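A note on names: the letters A, B, ... follow the listed sequences, proteins ahead of strands, and every chain is numbered from 1. Quantities reported herein were computed from a predicted structural model and do not represent experimental measurements. What's counted below: heavy atoms across the whole structure, side chains too, no hydrogens, waters or symmetry copies.
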Number of protein chains: 2
Amino acid sequence: MIRLSKLTDYAVVVMTAMMQGDGGPHTAVSLAERTGLPAPTVSKILKLLARDGLMASHRGAAGGYRLARAPDAINVAQIIAAIDGPIALTDCVEGAPGACGVESLCPRRGNWDRVNRAVRGALEGVSLADMARPMFPDPVLPKAAPALPATADAI
Amino acid sequence: MIRLSKLTDYAVVVMTAMMQGDGGPHTAVSLAERTGLPAPTVSKILKLLARDGLMASHRGAAGGYRLARAPDAINVAQIIAAIDGPIALTDCVEGAPGACGVESLCPRRGNWDRVNRAVRGALEGVSLADMARPMFPDPVLPKAAPALPATADAI
DNA sequence: GCAATCCGGACCAAATCAGTACCCTTTAAG
DNA sequence: CTTAAAGGGTACTGATTTGGTCCGGATTGC
């Protein structure tokens, strides 16, 4: 199973919790209370998100975090990249010459990259606002199954 | 980084090696020699692929493995599912009620499922034949789409 | 100045994964 | 019929990664 880090799941939970505020900054501890997650973990997530520009942080007393952009301008791919690092399904693309034999002869590299691009495109198509939306039958996506037909063509 | 099991990468290498044969069955050790991978590992991969019906195995003396279908009828999603199990990015969808609080109130479940479907669809669009094809400039992707230049490298 | 808050590390325990080895069953060749 | 070759399955171990915690600083508002 392709696993997504649990931290990334938490990040979505935290970010959706921030959407519900009154617009003011949220402290790490208040978000931890609201989400039920351990405070240090929430702090770690917020730091990672801020480092990638998804959060605007304000230090000092009465400081806190704020979403850097509107929820529909933040997509899942960006969140994953902030928490888990670059989205790449395999590391055959770099280093480890012993595994593939001669790297220059390994024809899989470019093709894995194609797969990576397809997955990345799929993840970029889902915004934070989509994730926060309750999972009722979604009017925005009339056909749910072929969620992103554009990426299917792009492969 | 979303990581794909190294075994899955090896599986693609082994399967592409099988495509190059004369159509006869391949033994695990001969494939291990051709690919440079450890023999027990190759055997493990072949067993997993055979269990999911991607391989046809023939036991006994002069036995071996054979691709169950044509290379363009096998896609990457099937290989991943055979090696790594079902394709799901998060396990928030099941169990672990402590993490999400009350599961029935967690609105993320349905949305992660949507993401999972998108990724699965992307992976189903790449066949084994595509992976074996040398990585010539791809006419299907006209522009590299540096829509987000800052994050293009990071994602 | 003091307190609250973020920042950036290092650090440890737990889970997961890759790889290996062992033994059994099946099958074809001689 | 015997024998050996090959797959089938399971269990084990070492290494890597991950989740989570903690601490000392830096920064800002009161």
Side-chain angles (χ1 to χ4, degrees), chain A residues 1-11 13-14 18 24-33 35-66 68 80 82-85 88-92 95-96 98-99, chain B residues 1-11 13-14 18 24-33 35-66 68 80 82-85 90-92 95-96 98-99:
Chain A
M1 171 170 70
I2 303 181
R3 270 197 338 139
L4 199 58
S5 155
K6 219 181 295 181
L7 274 298
T8 306
D9 187 17
Y10 296 167
V13 174
V14 169
M18 293 179 75
H26 303 261
T27 69
V29 292
S30 72
L31 287 170
E33 291 171 357
T35 57
L37 299 172
T41 299
V42 172
S43 176
K44 185 179 192 173
I45 291 169
L46 291 170
K47 274 183 279 192
L48 288 171
L49 293 172
R51 195 189 53 179
D52 268 38
L54 271 63
M55 291 283 178
S57 67
H58 195 184
R59 302 224 271 193
Y65 288 96
R66 206 185 308 243
I80 294 173
I83 303 293
D84 289 344
L89 291 178
T90 176
D91 41 19
C92 167
Chain B
M1 172 171 67
I2 302 183
R3 269 195 340 138
L4 200 58
S5 157
K6 219 181 295 181
L7 274 299
T8 306
D9 187 18
Y10 295 165
V13 174
V14 170
M18 294 179 73
H26 304 261
T27 69
V29 291
S30 71
L31 287 170
E33 289 170 359
T35 58
L37 299 172
T41 299
V42 172
S43 177
K44 185 179 192 173
I45 291 170
L46 291 170
K47 275 182 278 192
L48 288 171
L49 293 172
R51 197 188 52 178
D52 268 39
L54 271 63
M55 290 283 178
S57 67
H58 197 184
R59 304 223 271 192
Y65 288 95
R66 205 186 307 244
I80 293 173
I83 303 293
D84 288 344
T90 175
D91 43 17
C92 166

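Partners of A/Pro38 under the side chain to side chain contact (heavy atoms under 4.5 Å, CB included) rule, at least two apart in sequence or in another chain, are A/Pro40, A/Thr41. Residues satisfying the side-chain hydrogen bond (donor to acceptor under 3.5 Å, both in side chains) criterion with B/Thr27, sequence neighbours excluded, are B/Ser30. With sequence neighbours excluded, no residue forms a side-chain hydrogen bond (donor to acceptor under 3.5 Å, both in side chains) with B/Ser43.
Here the closest heavy-atom approach between residue A/Leu37 and residue A/Val14 is recorded as CD1-CG2, 4.0 Å. The two atoms that bring A/Ala32 and A/Ala39 nearest to each other are CB-CA, 3.6 Å, heavy atoms only. The minimum heavy-atom distance between B/Tyr65 and B/Met55, with the atom names listed, is CD2-CB, 4.1 Å. Considering every non-hydrogen atom in both B/Leu49 and B/Ala11, the closest pair reads CD1-CB, 4.3 Å. Listed here is the closest heavy atom pair of A/Ile83 and A/Ser5: CG2-OG, 4.4 Å. For the pair B/Pro25 and B/Ala62, the tightest heavy-atom approach, listed with the atom from each and the gap, is CG-O, 4.4 Å.
Nucleotide C/dA18 holds its C1' atom 13 Å from the CG atom of B/Asp9, rounded to whole Å. Atoms CG (A/Leu4) and P (C/dT16) sit 15 Å apart, rounded to a whole Å. For B/Leu37 and C/dT20, the CG to C1' distance is 15 Å, given to the nearest whole Å. The separation between A/Arg66 atom CZ and D/dT28 atom C1' is 15 Å, rounded to whole Å. When the P atom of D/dT18 is taken as reference, atom CD1 of A/Ile45 falls 15 Å away, rounded to whole Å.
If you take CD1 on B/Ile80 and CG on B/Asp9, they are separated by 10.5 Å, rounding to the nearest 0.5 Å.
Comparing the local axis fitted to the first five base pairs of the helix from C/dG1-D/dC30 to C/dG30-D/dC1 with the one fitted to its last five gives a bend of 20°, rounded to 10°.
Contact check, A/Tyr10 against D/dG19: no side-chain N or O comes under 4.0 Å of OP1 or OP2.
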Interface polar pairs with nucleotides 12-14 of chain C, N/O, under 3.5 angstrom:
none

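Contact of the B/Leu46 side chain with the B/Val42 side chain is registered, since non-hydrogen atoms from C-beta on lie closer than 4.5 Å.
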| query | Where along nucleotides 3-15 of chain D does protein come under 4.0 Å, by heavy atom, of base (B) or sugar-phosphate alone (S), with - for untouched nucleotides? | reply | --BSBBB------
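With D/dG20, C/dT20, C/dG19 as the candidates, the nucleotide lying closest to the side chain of B/Leu7 is C/dG19.
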